[in-house]
Q: 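Attaching a single structure in structure tokens format; questions to follow.
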Amino acid sequence: MADAPAGRDYRETVFLPDLPGDPFPLRAGLPKKEPERVKHWGEIGLYHLLRKDAAVRPKFVFHDGPPYANGAIHIGHAENKILKDLVVRSKQMAGFDCDYVPGWDCHGLPIEWKVEEDFRKAGRKKADVPAVEFRKACREYADKWIPLQRDEFRRLGIEADWGNYYTTMSFDAEAAIAAEFLRVVRAGLVYRGSKPVMWSPVERTSLAEAEVEYQEKTSPMIWVKFPLMQPTRLNEATEKFAKLQSAGHSSLSVVIWTTTPWTIPGNRAVSFSSAIKYGVYEVESIEQGLAFEPWVKAGDKLALADKLAEDVLRAAKAASWKRVSDFDPSGIVLTHPLRDWRPSPLAGEGREGGRSDAQAPAQLNAPHPPTPAPQGGGGVGYQFDVPLLDGDHVTDDAGTGFVHTAPSHGADDFVIWTKHFGQEGIPFTVDEEGKLTKEAPGFEGLEIIQLEGKNLGKDGPANKAVMDALIAAGALLARGQLKHSYPHSWRSKAPLIFRNTPQWFIALDREFRDGKTLRQIALDEIERVDWGQKRTGETKDQNRIKGMIQDRPDWLISRQRAWGVPLPIFVKKSDGSILQDDDVDARIIAAMKQGGADVWWATPAQDFLGAKYKAEDFEKVEDILDVWFDSGSTHAFVVGNPDAPTRSSFVNPVSTMYLEGSDQHRGWFHSSLLESCATRGRAPYDEVATHGFTMDEKGMKMSKSIGNTIEPQTIAAQNGIEILRLLIASAEYGDDLRLGKIMIDQSGEMYRKLRNTLRYCLGSLKGFEESERVFPAPAPQGGGGEELPLLERWLLHRLWQLDRVVRQAYDTYQFRAALSAIVEFCNVDLSAFYVDVRKDALYCDAATSFRRRASRTVLDETFSRLTAWLAPIMPFTTEEAWLTRFPDTLSVHLRQFPETPASWEDDFAGEEVARLREARSVVTGALEVARREKAIGAALEAAPRVFVVDDELRASLQAVDFAELCITSGIVIEAGEGPADAFRLPEVAGVAVVVEKASGVKCARSWKYFDPATADPRYPDITPRDAEAVAAWDAARG
RNA sequence: AGGCCCGUAGCUCAGUUGGUUAGAGCACACGCUUGAUAAGCGUGGGGUCGACAGUUCAAAUCUGUCCGGGCCUACCA
């Protein structure tokens, strides 16, 4: 077959999609362009334009959870802020006014540590720095980080009110937080209790867990007998005791084991586990030939865990024994081993029985619940019941199976005690120097740890004194020494103790509002709020927070630290009550607004108390609030409350949303919920969304020590942040997000596809003007009296479908659903089908061709929607594409998602094209075979014969230019099964294809094969269609 | 150690109330095109749905156990 004679080069007459100067190159250069764009948005004041534009729209309040103002941002921050940006931008474009006020959390220990370290380097101890000076340094430290983090967030493309952010340390915020706390006080929920904390006697301070390190230490270990309570009083134990007595067990003792003898005076209970089997063991004989006389005696009856009995009895130097019965500890009451002990006259002089009245805060020691009265006898203060409590923390791995429980001196001990008896009855046996107090009668003033001299940090006299007392009381069964891991101070390396200290709490189970407790209100609100059900259809986040609120203890809100908002209250020395006086409160809040929380330390108490009260009658609380109370209060001063919103855009919102990492179930979601329920009786949010954590490519957590971290700054510099945004948008962010080279590369590929699609639209729409449009945007058909081609009707139908999918996806925060629908549309519908088919018309038709105009009109609608739908995800690239096409507009981000006319819905076109594409797949399959056999190269070299069994389908194929759809130069549609060796696809029944080469000559312009006899004599080497186009082109050129 | 959650092709993900040979996009391989060209089109390979056991006529889907991973149990945010 001969080509037309070499003649004119028609290339210049073809409407190729290249753009002059290539303003939108495929190679995006994002790392360089993105920062310029950020700067530009700042310069045009985009955020304020958005606000102005949206002022009359319905309000959607997005409340930003504040990151901590410390350090550079990491990938977790990036994921968090980008997801927030996706919400804010998509809500904004969906027709809401979505004001995004970013914030920072500023108080707290991490900054306090840093600042403390700085002072230490300068040779000053924290204790020597005045509170106000120290706090000033903390404030400056936080202030230094905020602008740095802010600029990093902006680099991520986050559109927010960066010039007007909030912090928890602004004077207004500090005053607001204090005021919030006073509201909780007024609700009657704040009380003083106590809790054991890690305490360093050497440094006279409490420590956070992160300030603790574990080192080897040798401690004494003792086995102590707790005798059964004698049945002198009527209580639950009596009946049980009677049974034991009748079994001959009245002299039975329960044995505990401990490495801290000094905590025995603080003992208030013994814990056991109902999962452990216990027995009563009677000692039969004692080891002979010992250098000392063991304390254990033949005939002693001891209750022990069966698994540990032998170890204990051997330690006690028993030679033989027998197990006489089972032992069920539940409901039994013991007596304290020192009940009948009397100190030697020297040590115990003047201390009568009963409890000391020198308790740390006077009113703290409520009567001991199980035993209000001493039992008489000669003791000095240990005449109380020691109940046996069932606890999960008890194991039979070591010890005796019974655990000495001193609620002042251990976390487990405290928990099990408060679970049974609440805050009451917990003694303050140790003072801040680590000396035993009057509440440890007989041991007052004894040091647990030596505070001075050569032996600083070694055991003080307390342990020995207690052991001596136990021996004197006949309560010691055995003792020894144990080398074990023990908590020490990170700084001083001195050993630590658990010490009960007075603390402030918010009560969860106190009725206060319509007879409901804070816990009940919070649980009710959890039911009201959407915890992602709308997005995932699942209730797992709701279940998670519900479980936490159900199980949690009272909120411990006081901290013995410096960098925070104080608990701005005065306690009456006479009765321990909190002073509640509106005038006093108003003076405190007003002063804080003026001078920040510092005024609490800098101002004499009398100034706040005014004339009505005397400062000496009150204790001024100098603890600071848990920083979670700070961030839990942000809603009050950022979003405001119904009576006092902070901005007009926060009035009457359709919804208020919080979006944070799933760890915030116990953090911000949690504290905000409790705070707001305590002060307002409702949750501060209507919707809560959570996201998972960023992992490395293997799904392992990122850590600097492993070296598998990926920094957002690196991605921004190497790939462009848009790649990360795309990656996040395409992930199921409720789960953990994997991040590695493969995912980033994949995201880069997706980016190129989308960018190239936009680029192709830009090129194809070159010079497109309104006059060329075949219908006004909202109208589907008509235009020049010609009916829109099926292909264009179908594309509009697809846009209509996508519109619904995308809006629905954004509405429910399913970004990946929106993105994958768009990407699939770009790949499958646009690139592989529509554009591939329409290239011929777009390139080669005359400019006036209705087909070409229709295509360009529809592509214009496509471009309009793609740029809008993708704008939340790819703010940089959509802006670039939009401004390339419309350089006179301000920003793509001032647009909304375009309305898509309902009339674009066209089920006929949708189904018809689906059928045609199915038949087309048989043709392309056949062409592939022909190609492999080298019969053809390009599809245009073929003119297949298509055999169709079904009349209806055949009619459909004949109703359109099926060759055009298959991009072949010709096609023949025939009825019937076709030859046996024709190409068929198993999934497309009744269609067979025989590939034949196209006849005629190859058009020099459109490369189609055609019959040269039909050619326009002026242009013999091109098809008549091309001739028409070239004629028009030539005419326009003159 | 407990509480909660996750585990479908190399990657990101779909898989309605259990019901044909488990899908998509990307990546990969091969081919075509050279007028989207550091692009575009086509064809193809690839999964015992983390493992095991059970319920059922039937399990990716329901139950249990285990394995791997994550978050939370902090005077960390």
Side-chain angles (χ1 to χ4, degrees), chain A residues 11 14-18 25-27 65-70 105 107-113 195 197-198 205-212 392-393 395 503 538 540-541 543-545 547-548 551-552 556 558-561 564 623-624 626-628 631 661-668 690 692-693 695 697-701 727 730-732 734-738 740 742-743 745-747 749-750 752-753 756-757 759-764 816-817 819-820 823-824 826-828 831-833 835-836 839 842-844 921 924-925 927-929 931-932 934 936-940 967 1005-1007:
Chain A
R11 197 171 199 280
V14 177
F15 297 108
L16 295 179
D18 58 312
L26 184 51
R27 203 179 168 79
Y68 197 61
N70 179 19
D105 198 7
H107 297 131
L109 208 46
I111 287 178
E112 195 164 330
W113 278 334
K195 193 183 180 189
V197 297
M198 278 285 190
T205 179
S206 62
L207 285 125
E209 187 67 31
E211 297 170 293
V212 173
D392 296 338
H393 64 290
T395 67
Q503 300 291 350
E538 292 170 0
K540 59 191 182 189
D541 281 340
N543 297 343
R544 186 168 175 184
I545 187 121
M548 285 177 167
D551 294 342
R552 66 157 297 149
L556 171 62
S558 53
R559 299 288 132 91
Q560 288 73 54
R561 296 283 169 179
D623 294 347
I624 63 162
D626 175 12
V627 287
W628 284 111
S631 56
S662 59
D663 58 333
Q664 297 302 326
H665 281 105
R666 63 160 283 281
W668 196 49
T690 64
F693 280 64
M695 301 295 141
E697 59 267 288
K698 291 176 193 136
M700 309 290 273
K701 80 161 116 184
L727 191 154
S730 64
E732 179 49 62
D735 298 339
D736 289 342
L737 176 74
R738 286 195 191 197
I742 295 171
M743 298 79 168
D745 286 350
Q746 175 179 315
S747 182
E749 288 303 318
M750 191 192 296
R752 289 169 64 180
K753 184 71 201 185
N756 204 28
T757 303
R759 180 163 179 263
Y760 191 81
C761 289
L762 285 170
S764 301
R816 64 157 280 101
L819 182 59
S820 62
V823 168
E824 200 162 323
C826 289
N827 277 309
V828 179
S831 192
F833 180 62
V835 163
D836 212 31
K839 272 178 188 171
L842 286 166
Y843 296 174
C844 298
S921 70
T924 52
L927 292 175
E928 186 61 20
V929 173
R931 204 170 272 142
R932 196 154 296 148
K934 304 290 179 196
I936 59 163
L940 282 175
I967 321 181
R1005 185 165 178 268
S1006 66
W1007 302 339

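In this text the structure is predicted, and so the values were computed from the model without any measurement. Each chain gets a letter, A, B and so on, in the order its sequence line appears, and its residues count up from 1.
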Q: Looking at A:R932 and A:E928, is there a salt bridge between them, counting it only when a charged N and a carboxylate O are closer than 4.0 Å?
A: yes

Q: Once you apply a heavy-atom cut-off of 4.0 Å, does A:S831 come out as touching a base, just sugar-phosphate, or nothing?
A: base

Q: Rounded to whole angstroms, how far apart are NZ on A:K839 and P on B:A36?
A: 4 Å

Q: Quickly work out the A:K701 NZ to B:G70 P distance and round it to whole Å.
A: 6 Å

Q: If you look at every strand shown and take non-hydrogen atoms under 4.0 Å, does A:G937 touch a base, only sugar-phosphate, or nothing?
A: sugar-phosphate

Q: Kindly say whether, by distance alone, the side chain of A:R931 makes a donor-acceptor pair under 3.5 Å with the base of B:C32?
A: no

Q: So A:L26, base contact, sugar-phosphate only, or nothing? Heavy-atom distance under 4.0 Å.
A: sugar-phosphate

Q: Where the side chain of A:Y843 is defined as all heavy atoms beyond and including C-beta, which of B:G42, B:C71, B:G35 is the nearest nucleotide?
A: B:G35

Q: Tell me: CE of A:M548 to P of B:C71, nearest whole Å?
A: 13 Å

Q: List the steps and the verdict of side-chain contact (heavy atoms from CB on, under 4.5 Å) for A:M750 and A:L819.
A: CA-CA 10 Å; A:M750 191 192 296; A:L819 182 59; 3.8 Å; yes

Q: Looking across every strand, which nucleic acid part, if any, lies under 4.0 Å from A:W668 by heavy atom: base, sugar-phosphate, or nothing?
A: nothing

Q: Indicate whether OP1 or OP2 belonging to B:U43 is found under 4.0 Å from a side-chain N or O atom of A:T924.
A: yes

Q: Looking only at the side chain of A:M695 (C-beta and beyond, no hydrogens), which of the listed nucleotides B:A36, B:C75, B:G70 gets closest?
A: B:G70

Q: Check every strand shown and say whether A:F693 touches a base, only sugar-phosphate, or nothing at a heavy-atom separation below 4.0 Å.
A: sugar-phosphate

Q: Taking only the C1' atom of each, what is the distance from B:G40 to B:U33 in whole angstrom?
A: 8 Å

Q: When we call it a touch if two heavy atoms are under 4.0 Å apart, what does A:M743 touch: a base, just sugar-phosphate, or nothing?
A: sugar-phosphate

Q: For the side chain of A:N756, starting at C-beta, report the closest nucleotide among B:G40, B:G35, B:C71.
A: B:G40

Q: Reading RNA chain B 5' to 3', how would its secondary structure be written in dot-bracket notation, given Watson-Crick and G-U pairs with both distances under 3.5 Å, brackets [ ] for crossing pairs and | for partners on other strands?
A: (((((((..((((.....[...)))).(((((.......))))).....(((((..]....))))))))))))....

Q: Is A:R11 near enough to B:G35 that one of its side-chain N or O atoms lies under 4.0 angstrom from OP1 or OP2?
A: yes

Q: Between B:A9 and B:C5, how far is it from one C1' atom to the other, in whole Å?
A: 24 Å

Q: After noting the C-alpha distance and the side-chain angles of A:Y843 and A:S1006, does the key distance pass the side-chain contact (heavy atoms from CB on, under 4.5 Å) rule?
A: CA-CA 8 Å; A:Y843 296 174; A:S1006 66; over 6 Å; no

Q: Counting heavy atoms from C-beta on, name the nucleotide in B:A36, B:U12, B:C26 closest to the side chain of A:E749.
A: B:C26

Q: For the atom pair CD (A:E732) and CG (A:L737), what is the distance rounded to the nearest 0.5 Å?
A: 10.5 Å

Q: Report yes if the ring of A:F15 lies under 5.5 Å from the six-membered base ring of B:G35 with planes under 30°, and no otherwise.
A: no

Q: Without decimals, in angstroms, what is the distance between A:E697 CD and B:C11 P?
A: 11 Å

Q: What's the closest nucleotide to the side chain of A:Q746 if the choices are B:C71, B:U12, B:A36?
A: B:U12

Q: Which whole-number value in Å describes the distance from A:I936 CD1 to B:G31 P?
A: 16 Å

Q: Does a side-chain N or O of A:K753 approach OP1 or OP2 of B:G40 to a distance below 4.0 Å, or not?
A: yes

Q: Which nucleotide in the set B:G31, B:C5, B:C71 lies at the smallest distance from any side-chain heavy atom of A:K540?
A: B:C5

Q: Distance check: side-chain N/O of A:K698 vs OP1/OP2 of B:G68, anything under 4.0 Å?
A: no

Q: Under 4.0 angstrom, heavy atoms only, what part of the nucleic acid is A:V835 near: base, sugar-phosphate, or nothing?
A: base

Q: Just the rounded figure in Å: distance from P of B:G3 to CZ of A:R552.
A: 20 Å

Q: Between B:C75, B:C26, B:A36, spot the one nearest the side chain of A:Q560, thanks.
A: B:C75

Q: In whole angstroms, how far is the P atom of B:G25 from the CD atom of A:E732?
A: 20 Å

Q: Give one of base, sugar-phosphate or nothing for A:E112, where a contact means two heavy atoms less than 4.0 Å apart.
A: nothing

Q: Let me know the distance between CD1 of A:I742 and P of B:U12, rounded to the nearest Å.
A: 8 Å

Q: Taking the P atom of each, how far is B:G68 from B:A27, in whole Å?
A: 35 Å

Q: Counting side-chain heavy atoms from CB outward, which of B:C11, B:U37, B:G35 is closest to A:R759?
A: B:U37

Q: Quick check on B:C32: is either OP1 or OP2 less than 4.0 Å from any side-chain nitrogen or oxygen of A:K934?
A: yes

Q: Strictly below 4.0 Å: does A:R544 bring a side-chain N or O up to OP1 or OP2 of B:G70?
A: no

Q: I want to verify a distance call: between B:C75, B:G31, B:A36, whose nearest atom is closest to the A:E928 side chain?
A: B:G31

Q: With rounding to whole Å, what would you report as the distance between B:C49 and B:A60 at their P atoms?
A: 7 Å

Q: Expressed as a whole number of Å, how far does the P atom of B:A14 sit from that of B:A59?
A: 24 Å

